Amino acid sequence: MTDWTPELVEERLAEAAFVLKRLPEPRRQGYFSTWPETVYSFADKVGQEPKPMRVLPSPQAISRMEETLTWTACLEPIDGKIVWMKAHGERWKEICWAVGLQRSAAHQHWQFGISVIALTLNRRRFNRNMSKRRVIELAAGA
């Protein structure tokens with residue numbers, strides 16, 4: 001990637017959140033069962049709901065996710081929380097409830113967060129004392 005835009009950053013964060021959801025649950029070491037696995041007959045399977053098939057992410061997707069997880073380190077904690085909640089597909093109502101902001105302020109924090117990530121990935125210097133609106137405009141014009 002040569003030029004990161006806020007839209008590309010948003011897509012990559014959403015992909016990372018999706019991959020994170022598809023990873024298998026961690027298991028505690030040392031706990032196991034000595035019971036044999038249950039073998040069901042055809043009559044037992046007739047009334048059962050089918051098990052959903054779990055597709056594991058590819059190694060390349062996991063590598064991209066691991067890289068993406070480090071991107072929010074340059075953000076303020078509230079901006080990082082909003083960016084990750086939005087990447088996980090949370091609705092604005094839940095995001096606003098979790099961070100204690102109105103929708104317009106939360107949306108501006110989200111735009112600012114993905115704009116800072118895009119500018120950082122593009123290695124563009126910007127003054128941290130700039131207003132949020134100016135940083136968003138700077139990233140959109142990149």
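Because the structure is a prediction, the values reported are computed rather than measured. In this chain, residues are counted from 1 in sequence order.
For the side chain to side chain contact (heavy atoms under 4.5 Å, CB included) test, no residue two or more places apart in sequence or in another chain qualifies with T70. In terms of the side chain to side chain donor-acceptor pair (under 3.5 Å) criterion, residue partners of D44 (sequence neighbours excluded) are, by chain and number, S41. Take N129 and apply the side chain to side chain contact (heavy atoms under 4.5 Å, CB included) test, not counting sequence neighbours, and it matches N127. In this structure, the salt bridge (Lys or Arg N to Asp or Glu O under 4.0 Å) partners of E67, at least two apart in sequence or on a different chain, are R12. With sequence neighbours excluded, the residues satisfying side chain to side chain donor-acceptor pair (under 3.5 Å) with T72 are W84. When the side chain to side chain contact (heavy atoms under 4.5 Å, CB included) test is applied to W92, the partners found at least two apart in sequence or on another chain are I82, K86, I95, R103, A106, H107, W110. Listed by chain and residue number, nothing satisfies the side chain to side chain donor-acceptor pair (under 3.5 Å) test with E94 (two or more places apart in sequence, or in another chain). The side chain to side chain contact (heavy atoms under 4.5 Å, CB included) search around R133 returns Q108, Q111, S131, I136, E137, not counting sequence neighbours.
Atom CG in L119 sits 8.5 Å away from atom CE in M130 (nearest 0.5 Å).
Applying the 4.5 Å side-chain rule to ILVMFWY residues, one finds V55 in the same cluster as M53. Hydrophobic side-chain contacts under 4.5 Å tie V39 to no other Ile, Leu, Val, Met, Phe, Trp or Tyr residue.
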Would you mind writing out the side-chain donor-acceptor pairs for residues 15-22 within the sub-3.5 Å range, not counting sequence neighbours?
unit_1	atom_1	unit_2	atom_2	d
E15	OE2	R64	NE	3.1
E15	OE2	R64	NH2	2.6
K21	NZ	H88	O	3.3

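Pairs engaging residues 38-71 under the ring pair (Phe, Tyr, Trp, His ring centres under 6.0 Å) rule: W4-W71 [sequence neighbours left out].
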